Peer 1: 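My structure is below; once you've seen it, I'll send some questions.
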Amino acid sequence: MKKQFFIYTILILSLVFTGCSDDDPAPEPVNEEEVITTMTVRLTPSGGGSEITLKTVDMDGDGDGEAIVTVSGPLSAGTTYDGIIELLNETETPAEDITEEVEEEADEHQFFYTIGTGLDVTTTYDDEDGYGDPIGVEFTLTANTASSGDLTFTLRHEPNKSADGVADGDITNAGGETDITETFPIIVE
Amino acid sequence: MRKHAVVLLLLSQLIVHSQNCNYTISGKVIDLHDGSLLSGATLVVSETELATQTTLDGVYTLSNLCNNTTYKIKVLHSSCQTKIFSVKVTGHMKRDFRLEHHLEELNEIILEGKAYENTTKTVLENNVSKETLERFSTGSMGDALSSLSGVTSLNKGNGIVKPIINGLHSSRLVIINNDVRMQDQEWGVEHAPNIDINSIGRLTLVKSAGALQFGGDAVGGVIIVEGQKVPVKDSLYGKTLVSAASNGRGAIMSSHLTKSFENGYYATVHGSLKRFGDFEAAHYNLTNTGLAERNASLRLGLNRFNHGLEAYYSFFNNEIGILRASHLHGAADQVRALSSNTPLIVNDFDYQIGAPKQQVTHHLARIKGFKKFENFGKLSLQYDYQQNNRLEFDIRRGDDKDKAALDLKLDTHTVLLDFDSNSNNAIHLKSGLMARYQNNFANPETGVRRLIPDYKKYDLGLYLIGDYKVNDQWQIEAGARFDYVHMDVYKFYRTSFWENRNYDELYPNIVIEDLGTQVLTNPNLKFNNGSATLGAKYSFNEDYHLFFNYALASRAPNPSELFSEGLHHSGARIELGDLSFKSEIGHKISATLQRDHESSSFSLNPYINTISNYVIIEPTSVRETIRGNFQVWEYRQTQAQLIGIDVDAAYKYNEHISSTHQLSVVKGYDRKKDLPLISMPPISTRNEIKFTYPRFHNLKMELQSQYVFAQNEYPNNNFEVYIPETESTETVDISTPPSAYHLLNFNSSIEFKIAKKSLLTVGLGITNITNTSYRNYLNLQRFYADDLGRNFLLNLKLNY
């Protein structure tokens, strides 16, 4: 009986260890599908003129690398700009257009433009979701007087668009989660 | 048979003359298993009319025996297997007889002696009573364990409950479920043990690493879950339990059915269902905290005196919603959530379980056999297989909306060979071998970088434990174990992290492929872990006992501690592991002074646990990402020390009124940095008064008070973040523990006999009677919402 036990043990042990011989191929890499690496804000003067772009790129998402923020140039005082925001996932080739996803789920997303102290610009939404609430991918920015300060773009997922002031662009009561946020230093000349 | 013995006994009172025989045999009748002396055992000398009974001390004397004659002496005891011994008389003799317990007394095939055997001899073990388990039938195993002193729980909401023993949790605890060590991805703080509370027959807690047969890495302790005991006789019986609760507006249903036969065969089936909607805090709904659970198990076996075989299979599946308002992106969101008194999202009550949520399926299959050899011991062999599949769903966008963000499949095969020696009555030896193979597969289809990498893990362990009963006062125990752990891992590192950590220079040989932004590596990690235990038990008399135990435990770092590298959504923080970690080594010294008496009992259990290479996670910086600012938490190894005391007391005032009292104190420090450890349970005390009136339907009523102090020692992990909307810098207070709180609970039960063999028990309970708003330091949801409000519970239990 003792011998039998011993034999069974060896048998099972050998089964366990042969059953798992090391012949699996290396795992495949995961490319994050949802990650937003790039946000580009294009500001085109309504009356024509050169486009100003505000761009932030963070290729490794929440990895060690920091985002690279660029502003192509100053805004002109007294000018109205047509604004459009483009979001990309550049870890994929070709780059995936995340803006499309945001627009498909328009009622669950909203951009907010937060104007820092000192900066004299105003913004208005130019688009709306199925319920008539703003999305904010398209907007109008008016550069008033010569000034400088921060301009922050924030995309909220599942905000409460019916909360007080949210449809007018006030982020205070918006709730939801931040999908992307970046602050650009802006100069109006 | 017993009648026959009594007649013989009466006859023996007569003076019997048989040849010229004046010799006597005397000695003791002893329980083979625990060495206790058996009183009232009858000894009958075959083919003569001699018989006698043992005294209260288990002593017997048989007189008038003839020299050089071989007698057959039959020894009978009401709870033991009758045995015939052959004795050749050579003068006056001393001879002790040892008896085995009756088969009815034996529980499952592994257990002998007492229905349930203690796993350690020099650590006072604590059990959760059957009543307590039933009272928590709508909750979880962690909730039931928290009723013991020294045990708290680390929660995420009220659906995910991880036990904490003397300040330690997760990988530092070993959970044994029906002889199988649970392999259910216990490393994450939001991963609760996958065990159905309603399937538990007995729940035991060992607050020490001393139970070496289960593993050498239980730095915090061991939790042992056992099934229902099955008697060896012809019977068919069952139990159905239905519990409904007002908070969460849900219920559970659980049923057991057991069929057993005189010849040792038995079968048990069990099934349970649980469904709850959103739970409620005192003043608002906790949106998306519903849960669903489905469990089933089947046990088939043969239990004979000297051999047995048992097959067991269990299925566990649950789906747990996570508070919607606790899902955040970045520090700015955290500031908003922390500054709000109510959760940022509160919707009306709903049974719907949406994202964020987790879904876990756990299969456990085990086959075990044993064979006993006379005067040698018992050999048992077990093979078990477990599969754990964990899915976590996040708030996602676009095509990924319904796709799990985490999909891990953990397969584990284990073979155990154990030998239990009982050849010597005073010395009891246990030894064994363990071989385990584990494979983790992280599904890349999630579209999210793997939180835990793909790996294969090989474990080999061997142990030897012995206990020696020196005399009636002293019992000593010693044991040693060795474990070899080998992990073969495939891990993708972000190139930025790989280089920042200097891994490109430290581990250049493990890189298999460079993918530009990521590198694929193949770390092979090996750990040699030694563990040991040494203890003694001294009994002053029947009531007072002193236990002393030293346990050395070694734990290999888990995959999360080694390989974390990225955003952990549930904590809104970035977590970074360290590939260079060594095994954690704990030295726990504990003592218990116990008075075990019917009318008043108490136990005092001070302990000190010194742990080197203690793995701790702490914030180191704030990282700016395109998604906002995130705090970075890095794992680090340090020297830790936990000191505490658990106090239990019970007093019986009269036959109706009794009270129980508990106090748990634990303090934990990082000795290298001289800082308190995070998430240490605050001091708590629980006091209960119980009224029983057996004559009226076995009426029981209990009123319980639980007071939890505010934790006053904690590390300051607060950080500052700039909020563009308000153009201000805000402190994110993630450190300050919540205030003290006091909860009152009521519980009652009453029994009705509804048929010859059926008993109906009706229970009514109220938890948080005063509907107090409180937050628990050890609940990860505390940042966002209050804990549970008042709850009415109705239990119906039918035994048949």
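These figures come from a predicted structure and were not determined experimentally. Order of the sequence lines fixes the chain letters, A, B, ..., with proteins taken first and strands second; residue numbering starts at 1 for each chain.
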Peer 1: Under 4.5 Å from any heavy atom of chain B, what part of A/Thr38 do you find: side chain, backbone, both or neither?
Peer 2: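 Only the backbone of A/Thr38 comes within 4.5 Å of chain B.
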Peer 1: Measure distances from A/Thr178 to the heavy atoms of chain B and classify the residue's part below 4.5 Å as side chain, backbone, both or neither.
Peer 2: both
Peer 1: Is A/Leu155 close to chain B through its backbone or its side chain, or both, or neither, when contacts mean heavy atoms under 4.5 Å?
Peer 2: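 Neither; nothing under 4.5 Å.
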Peer 1: Report the option among A/Thr183, A/Thr117, A/Asp150 that has the most heavy-atom pairs separated by less than 4.5 Å from atoms of chain B.
Peer 2: A/Thr117
Peer 1: Do B/Tyr722 and B/Glu730 get their side chains close enough for a donor-acceptor pair, meaning under 3.5 Å?
Peer 2: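 Not at all, the side chains of B/Tyr722 and B/Glu730 share no donor-acceptor pair under 3.5 Å.
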Peer 1: Checking heavy atoms, do the side chain of B/Phe630, its backbone, both or neither come under 4.5 Å from chain A?
Peer 2: neither
Peer 1: For the CG atom of A/Asp97 and the CG atom of A/Asn89, what is their distance to the nearest 0.5 Å?
Peer 2: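 That separation rounds to 10.5 Å.
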Peer 1: Sort out for me which of A/Glu177, A/Glu158, A/Met59, A/Met39 touches chain B most, counting heavy-atom pairs under 4.5 Å.
Peer 2: A/Glu177
Peer 1: With a 4.5 angstrom heavy-atom cut-off, which part of A/Ile171 approaches chain B: side chain, backbone, both or neither?
Peer 2: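 For A/Ile171, side-chain heavy atoms alone lie under 4.5 Å from chain B.
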Peer 1: Do B/Ser728 and B/Thr726 pair up side chain to side chain, a donor and an acceptor below 3.5 Å, judged on atom types alone?
Peer 2: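 The criterion, which ignores hydrogens and geometry beyond distance, is satisfied for B/Thr726 and B/Ser728.
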Peer 1: Check whether B/Glu725 gets within reach of chain A through its side chain, its backbone, both or neither, counting any heavy atom under 4.5 Å.
Peer 2: both
Peer 1: Using non-hydrogen atoms only, which part of A/Glu108 is less than 4.5 Å away from chain B: side chain, backbone, both, or neither?
Peer 2: side chain
Peer 1: Examine whether an atom of B/Lys491 lies under 4.5 Å from a heavy atom of chain A, and if so say whether it belongs to the side chain, the backbone or both; otherwise answer neither.
Peer 2: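 For B/Lys491, neither part sits under 4.5 Å from chain A.
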Peer 1: Can you confirm whether or not the ring centre of B/Tyr437 sits under 6.0 Å from the ring centre of B/Tyr385?
Peer 2: no
Peer 1: Given that the side chain runs from C-beta out, which part of A/Thr152 has a heavy atom under 4.5 Å from chain B: side chain, backbone, both or neither?
Peer 2: side chain
Peer 1: Hey, can you tell me if B/Tyr493 and B/Trp498 have their rings parallel, tilted or perpendicular (30° and 60° cut-offs)?
Peer 2: tilted
Peer 1: Tell me whether the centres of the aromatic rings in A/Phe139 and A/Tyr113 are closer together than 6.0 Å.
Peer 2: yes
Peer 1: How long is the gap from CZ on A/Phe153 to CG on A/Leu54, to the nearest 0.5 Å?
Peer 2: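 Reported to 0.5 Å precision, the distance equals 5.5 Å.
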Peer 1: Measuring heavy-atom distances to chain B, does A/Thr181 have an atom under 4.5 Å in its side chain, in its backbone, in both, or in neither?
Peer 2: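 Both backbone and side chain.
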Peer 1: Using non-hydrogen atoms only, which part of A/Thr37 is less than 4.5 Å away from chain B: side chain, backbone, both, or neither?
Peer 2: backbone
Peer 1: Return the option, out of A/Glu100, A/Glu104, A/Glu105, with the maximum number of heavy-atom pairs under 4.5 Å with chain B.
Peer 2: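 The residue among A/Glu100, A/Glu104, A/Glu105 with the greatest pair count is A/Glu105.
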Peer 1: Name the member of B/Arg623, B/Glu727, B/Arg449, B/Glu499 that forms the most heavy-atom pairs with chain A at distances under 4.5 Å.
Peer 2: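 Top count of heavy-atom pairs under 4.5 Å with chain A: B/Arg623.
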Peer 1: Counting the benzene-type ring for Trp, do B/Tyr490 and B/Tyr455 have ring centres under 6.0 Å apart?
Peer 2: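 When the ring centroids of B/Tyr490 and B/Tyr455 are compared, they turn out to be at least 6.0 Å apart.
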Peer 1: Would you tell me whether B/Thr412 and B/Gln438 have side-chain atoms, one donor and one acceptor, within less than 3.5 Å of each other?
Peer 2: yes
Peer 1: At a heavy-atom distance under 4.5 Å, which candidate from B/Leu344, B/Asp454, B/Thr517, B/Val448 has the highest pair count against chain A?
Peer 2: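 Max contact count across the listed options: B/Val448.
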Peer 1: Can you see whether A/Asn160 engages A/Ser162 through a side-chain donor-acceptor pair at a distance of less than 3.5 angstrom?
Peer 2: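 On atom types as modelled, these side chains qualify, holding a pair under 3.5 Å.
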